[in-house]
Undergrad: 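Here's a structure for you.
Please read these numbers as outputs of a predicted model, since none were measured by experiment. For ligands, and for the atoms within them, numbers begin at 1 and follow the listed sequence.
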Amino acid sequence: MSQSVDIPAEPTPFPLAAETTALVVIDMQRDFLLPGGFGESLGNDVGQLLKVVPPLAALIAAARAAGVTVLHTREGHRPDLSDCPPAKLSRGAPAKRIGDPGRYGRILVRGEYGHDIVDELAPAPGEVVIDKPGKGAFYATELQDILAAAGITRLLVTGVTTEVCVHTTTREANDRGYDCLVVSDCVGSYFPEFHRIGLEMIKAQGGIFGWVADSAAVITALQALTTTAA
Ligand code: C5J
């Protein structure tokens with residue numbers, strides 16, 4: 001029988017078992033995080049996202065030590081942009097658009113330097129990396145099949161940005177029957193107010209989309225799993 005440890009979370013404790021849980025790391029890509037990248041070219045303060053990196057690196061290390069599956073996602077498109085809807089491509093009036101040359105290669109195009117994950121959070125050999133064309137990690141990807149094959153029903157959700165890809169993925173997962181805990185200091189937004197309200201929305205109404213806890217609480221539970229498994 002699998003060992004389970006309760007994470008103190010809002011609105012209620014969240015049971016954690018290594019076999020049925022995955023840590024999902026959403027879109028921690030250079031294009032969104034690095035100075036001079038796409039995110040900054042849109043006028044955003046990338047410092048708001050960079051502060052997520054140290055606690056998330058510690059959380060990923062604790063998940064690996066506890067035997068929890070770690071999955072990564074990247075938002076981006078084929079080089080011919082055939083999987084980028086015109087509505088997404090033309091939205092707003094940015095200085096640079098998806099597919100344009102940027103400081104780190106063509107913006108949000110697969111295979112380009114900027115599309116990949118920041119060095120500090122690089123996937124370990126064998127960890128799944130889901131390339132997604134949309135905001136949600138379930139839309140037009142193999143994520144649901146991978147989770148089903150692994151018997152995973154509970155997700156620890158991290159990454160950027162809180163109110164866009166983290167929220168969309170959490171909502172998609174919730175509708176598909178997954179229990180999701182969003183790790184408050186391991187998700188980030190260019191807009192502190194959206195981050196704060198985004199977390200409130202997840203845990204409101206008895207946990208309408210899921211649970212929220214900080215990385216200290218999750219790491220303590222992961223370490224307890226690691227110790228009891230040893
Ligand atoms: C955005 C994301 N914000 N990963 N993408 O365009 O949240």
Undergrad: Can you see whether Glu163 engages His195 through a side-chain donor-acceptor pair at a distance of less than 3.5 angstrom?
TA: no
Undergrad: When you look for protein heavy atoms under 4.0 Å from ligand 1, which residues do they belong to?
TA: Asp27, Phe32, Glu75, Lys135, Val160, Thr161, Val164, Cys165
Undergrad: Under a 3.5 Å threshold, yes or no: a donor from one side chain and an acceptor from the other, between Lys88 and His77?
TA: yes
Undergrad: Just one of Leu199, Val52, Val212 clears the side-chain contact (heavy atoms from CB on, under 4.5 Å) bar with Val187, so which one?
TA: Leu199
Undergrad: Answer whether the closest heavy-atom distance between the side chains of Val160 and Ile26 falls below 4.5 Å.
TA: no
Undergrad: Using the ring centroid of each side chain, check whether Phe138 and Tyr178 are separated by less than 6.0 Å.
TA: yes
Undergrad: Sort out for me which residue in Thr169, Thr168, Asp27, Asp83 forms a side-chain hydrogen bond (donor to acceptor under 3.5 Å, both in side chains) with Lys132.
TA: Asp27
